[in-house]
Q: 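Structure incoming, see below.
All values derive from a computational prediction rather than experimental measurement. First the proteins, then the strands, lettered A, B, ... as listed; each starts at 1.
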Protein chains: 6
Amino acid sequence: MRLTSDDFRAYFAAGNKAVNGWCCIPSMVTAEIVARSGFDMLTVDMQHGLIDYQVALAMLQAMSASPAPKFVRIPWNEPGIAMKMLDAGATGIVCPMVNTPDQARALVSATRYAPLGTRSYGPTRAGSLHPDYVARSGGLVQVFAMIETAQALAHRDAIMQVEGLSGVYVGPADLGLSLGHEPTLQPDAPEVLEAIGAILTSARQAGLMAGIHCGSGAMVANMLHQGFDFASLSTDTGMFTRALAASLAEARTRPETT
Amino acid sequence: MRLTSDDFRAYFAAGNKAVNGWCCIPSMVTAEIVARSGFDMLTVDMQHGLIDYQVALAMLQAMSASPAPKFVRIPWNEPGIAMKMLDAGATGIVCPMVNTPDQARALVSATRYAPLGTRSYGPTRAGSLHPDYVARSGGLVQVFAMIETAQALAHRDAIMQVEGLSGVYVGPADLGLSLGHEPTLQPDAPEVLEAIGAILTSARQAGLMAGIHCGSGAMVANMLHQGFDFASLSTDTGMFTRALAASLAEARTRPETT
Amino acid sequence: MRLTSDDFRAYFAAGNKAVNGWCCIPSMVTAEIVARSGFDMLTVDMQHGLIDYQVALAMLQAMSASPAPKFVRIPWNEPGIAMKMLDAGATGIVCPMVNTPDQARALVSATRYAPLGTRSYGPTRAGSLHPDYVARSGGLVQVFAMIETAQALAHRDAIMQVEGLSGVYVGPADLGLSLGHEPTLQPDAPEVLEAIGAILTSARQAGLMAGIHCGSGAMVANMLHQGFDFASLSTDTGMFTRALAASLAEARTRPETT
Amino acid sequence: MRLTSDDFRAYFAAGNKAVNGWCCIPSMVTAEIVARSGFDMLTVDMQHGLIDYQVALAMLQAMSASPAPKFVRIPWNEPGIAMKMLDAGATGIVCPMVNTPDQARALVSATRYAPLGTRSYGPTRAGSLHPDYVARSGGLVQVFAMIETAQALAHRDAIMQVEGLSGVYVGPADLGLSLGHEPTLQPDAPEVLEAIGAILTSARQAGLMAGIHCGSGAMVANMLHQGFDFASLSTDTGMFTRALAASLAEARTRPETT
Amino acid sequence: MRLTSDDFRAYFAAGNKAVNGWCCIPSMVTAEIVARSGFDMLTVDMQHGLIDYQVALAMLQAMSASPAPKFVRIPWNEPGIAMKMLDAGATGIVCPMVNTPDQARALVSATRYAPLGTRSYGPTRAGSLHPDYVARSGGLVQVFAMIETAQALAHRDAIMQVEGLSGVYVGPADLGLSLGHEPTLQPDAPEVLEAIGAILTSARQAGLMAGIHCGSGAMVANMLHQGFDFASLSTDTGMFTRALAASLAEARTRPETT
Amino acid sequence: MRLTSDDFRAYFAAGNKAVNGWCCIPSMVTAEIVARSGFDMLTVDMQHGLIDYQVALAMLQAMSASPAPKFVRIPWNEPGIAMKMLDAGATGIVCPMVNTPDQARALVSATRYAPLGTRSYGPTRAGSLHPDYVARSGGLVQVFAMIETAQALAHRDAIMQVEGLSGVYVGPADLGLSLGHEPTLQPDAPEVLEAIGAILTSARQAGLMAGIHCGSGAMVANMLHQGFDFASLSTDTGMFTRALAASLAEARTRPETT
Ligand SMILES: [Mg+2]
Ligand SMILES: [Mg+2]
Ligand SMILES: [Mg+2]
Ligand SMILES: [Mg+2]
Ligand SMILES: [Mg+2]
Ligand SMILES: [Mg+2]
């Protein structure tokens, strides 16, 4: 079964897993390379990625090369940019730092049409990608709240009760930082690992999907095995930097004598 | 000894070697990442890179993060773009497909001020980077002709006699293609390897520097060992694509049980 | 009488009507085409248009081809972007989703200099377009609040009492959606039409100007006839899409035999 | 049968016709709208379109929304830009003003790999779109020479003998201008119509495909009926301008009384 | 002693003064010219400058040509953009219109990592510029609150007590406007001058650094003499406009007879 | 009398003089500032300016703020770019390094419609700026050949006989360099000054207009007084750099004691 925007919930409901390609480089060219690399879903990161609206739109367009669902992590829980990214054709929104039920309600309000929310009508690009967009947007649009602070951890069950959320997304580095540890995408502090497990358990109980940010392919594999629905392979900048370093090191090696 | 634009010839005359970072992605962000990765010299590829003038200029600016010499491979042996890239601050020009002495003379004419050439005066950015630019440009600006066809191979000694060339740059893939082989940056056809060796020998005899395009760190190491002054690690798109594939494959692996 | 930024209020006070050109395509080229098409006023839509700040600025510059007043619909009622667009030279701001008097006061605060508001001083481009800008900005700058939800409809008279508003602008699609109808720019539900009429009546009583968003030339004509001061012909994307479809259909027709 | 890059020649050999969408606006957004409008093939016009390399690349990426073959009209018969556009992923090149067999040979040389031509190896984006690109490029890449001057008309049969051309493309406006008539995309001068017919006849005799530039859907229909394989609906700027004018005129009409 | 990001506080603690180059033009080229002009520190103005995120990032990159600390004035006190600019590599944030201690706390929260604030982890570019970035960011990152309204003036001492602020920055034009005077960067109203002095005195008492916005070199000299740590020379648009006018006036003069 | 594209020749025929604003910075914002500064004519420099096609187009659009004629200096005597800039709306072309009558004929061929030249039809933007463009383009479009080498100096009279040239433009720095002097825009070598005078005299005899590149307002005034029709004040980068340096020097001065 192939993951698409139309079958997003069904795909995970059937027990499938997904690897999410994560883009921080503000470039259509790298976005297309990521899109053609075989990821199940794709995300443009407008928070920590070096990417603003106009480039994000262009990247979403370049990602047409793949049928995978396109997500955007918005820079902050602010209605203007959330609505703009949905109008631009993203079918998934990841919102950072959703720490309270009120913040979750604000997120839902900005991303759902009436009567559930107050999203403004005008799906300029989205409407051309998805026939019958407005009527179907309730099922088509996925809204993920990031649970990534001690405060959010404490409020996680109440947050997950907010109607209109599709799921939660764990940010291990911020979560660790908030709990007093070094921020890292390869967490090993027991407190952080337990918190991650607790969030996943709560999501399962609330009937929500759950994703997580990962710093390596190995962590992705582990998190999917642990039960997350999808896990993100981040970041493009990091993979590029490490690939350059490895090739350069090889180039500086003395060649084998023959 | 650190390679700089000011000491470019002296560096190689002293027997030092250089690894050249090669940029095909039209992005200031990836250009800066390459520039910060520790390469000895840097090249923006306007021929096969997905890069036009305005982005190339921006990339040269972003590469200010490194003191390494900045080269540009121009898209074709055309005086307008050669002059524009030098004015934009490149201190090295790599010109594709220089197949005859006349073509080499045209290249020199476009890249050298009178009396050697006919480069037009107006070093808008270059003059702000290099004090006393015009007077020093004869030594500061490096002009490399690509020897990458059967025709160029046949004419190589005459080409290398053209006054004003700094050196030659070998394109193994085009050279192989022109000689009737598969185009590859990992050549192993004896005819191609011999041709590469012959070009290097001719360059040594002519007192010119010699560089070569490589598809892997291992080939860079081999070519430097074989005697080339510098070798390019290409391409950023390729390294990025392969790094994504490797991480994605790792992500799709079943995690180890513990 | 020609509509200009200087005579904006006088033009409508004299009973003149205006057709507003509406731009959603992020392009200087299409913006200039719209500007040269003969509209009385022009708007760059940063809410549902695929347009962010830097492109909006460029579009305003390209629209210098026309003397018509230039408006911007901001993406949300947020002071940062409202002030930036005014500094960029827009003389009119349309703000979506102004649902309460408090929201209207916030809008006025962001768009009016002291003592009426708290707009920050620094009209970088605006000051070069309009001599004596700060002193004249009270009359030169037009601030329109969108009345486009059931909540706004209920509060419309209180909203219109907020000092500093120039007028109101009706969004029929969002208004319909909020009232439980299909969102459309060609509304025919009696409840929506009555709401539109009620907003216009309130504006007349409050002495405010009134504009409305329309999905066709015919609706523009009807709304102007009904009493609105100006009506917008939206959208450029829609008109372009329909023009392509019509020409393509014609192209696919069997030609007439002669 | 659907027209694709892979089956380009077979499609027309089977007697199918194609309508070509033609883009002059430098915008990914309008390019995607055109791509989604149902054209059989798509062209980015770098000659008279307001489009340079970097935007053309972005437009080709945005056009991934459609499986239709993507062509580029290059600004001039210059090898650098021809090769860059092929590397960028265009599978068709339309070259203006090919007036002599020598010019046709130069065009083929720049667009075909050895041994037929001298195109330089480095299909940075093309290679990621089309598996086994280099080996297949002889059949995949289409090269069209524009026959659009009196000189080209006189030399048409010799031009069409040049090995490596896929076909010819008629520019009626330039052809008319060169023959002493008003330049128009709706030609009716008998001399121009006869010249168009003569070019088509020659193409049929030479076994080449033939396309033509048209200024309206009606002319497209007529030219396809007359025997051309494909015809272009140009231009997007013109269609947009006319659509705006028509809607604005409607908006300025007095509404019907009810 | 040279001012750098690493020694920012020590530089001023030692009694040194700094002139701040101020960029409002959205251009990498002018940003690099400013960066090479010898200023002690540099600021990209996203509030009144004609600059949005993507261009600001590019300007920060182009400013790598200088080792001077790079600041950004954000458009408004909004966490999303503050965090994005820090991730983009700015080591200083100037925030407009900080009028209350609560607003100052919000600013600190957005710009400081836990436990002092809630800045989200992900220093994509910053981390590549500054080794050990997160651990050192408390000392590396400078946060300046603008004191530029009557309200802020009244609350200045309480604002300056907010832990995490590095200093205050005075906006004389807005301060004057708020106090009922003409907005000007060359203030001479005694009330405004006294307010400026009072802010400086409070900053000294609170142990904070203090900077000020100036409209001329003479005012910079005066303000540094008066005790400010740094003063900004603004704006690039103004200096450019005046330089053009002066040269044009000279050009229109009758030349001297000889 | 105001200089416009329509009256370009008449203006100078009546003995009027013009100061030409010259843009090297790739920015719509600085282009608009220059356009609003009161110059009689405006030029975008694509040769030594840091400007490529897409930015040049945008700058021409931003220059709509002024009714002054818009010229472009193309990067080289190449038909593709000459035609593109005319289609983009420039009414004047300055071509560098026209050294022989053949080169002048090639320039005319690329910039004049048949029968005088071979410019291709498709004035996408130009046609929307100038009604009846094609019929009027002979008088509307100005073509200037740069006389700036020893070779051109020797051939100047033959060059000026080429039908279709509007005038000549002197490049003093290249001319000096070619004659063996330091390249400078403030020439004082007698040989260079005599060469400039000789070119002007030849232009007068040939009935052509004559312009000259100048490095200061004083030189503009002198050259106009000497008889040139127009003189360019260059460059924007230089004026900006010098203005920054002067203000910074003032800022570093000890303030006067009071
Ligand atoms: Mg996080
Ligand atoms: Mg090659
Ligand atoms: Mg609305
Ligand atoms: Mg043509
Ligand atoms: Mg202020
Ligand atoms: Mg010159």
Q: Taking all non-hydrogen atoms of both residues into account, name the closest pair between B/M46 and B/D52 and its distance.
A: CE-C, 3.7 Å
Q: When heavy-atom pairs shorter than 4.5 Å are enumerated against chain A, which of B/L224, B/L50, B/V29 gives the highest number?
A: B/V29
Q: Counting only non-hydrogen atoms closer than 4.5 Å, does B/N20 touch chain A with its backbone (N, CA, C, O), its side chain (CB onward), both, or neither?
A: neither
Q: When heavy-atom pairs shorter than 4.5 Å are enumerated against chain B, which of A/A243, A/G21, A/G38 gives the highest number?
A: A/G38
Q: Based on non-hydrogen pairs under 4.5 Å, which of B/V34, B/L233, B/T30, B/L248 is most in contact with chain A?
A: B/L248
Q: Looking only at non-hydrogen atoms, find the nearest pair between B/F39 and A/R252 and report the distance.
A: CA-NH2, 4.1 Å
Q: Side-chain donor-acceptor pair under 3.5 Å between B/T91 and B/S5, yes or no?
A: yes
Q: Sort out for me which of A/S37, A/S216, A/A246 touches chain B most, counting heavy-atom pairs under 4.5 Å.
A: A/S37
Q: So for B/T241, is it side chain, backbone, both, or neither that comes closer than 4.5 Å to the heavy atoms of chain A?
A: both
Q: Hey, are A/D229 and A/R204 close enough for a salt bridge, meaning a charged N less than 4.0 Å from a carboxylate O?
A: yes
Q: What are the two closest non-hydrogen atoms of B/A231 and B/V220, and how far apart are they?
A: CB-CG1, 3.9 Å
Q: Only pairs of heavy atoms separated by less than 4.5 Å count here; which of A/D40, A/T237, A/I25 has the most with chain B?
A: A/D40
Q: Parallel under 30°, tilted from 30 to 60°, perpendicular over 60°: which one fits the rings of B/W22 and B/Y169?
A: parallel
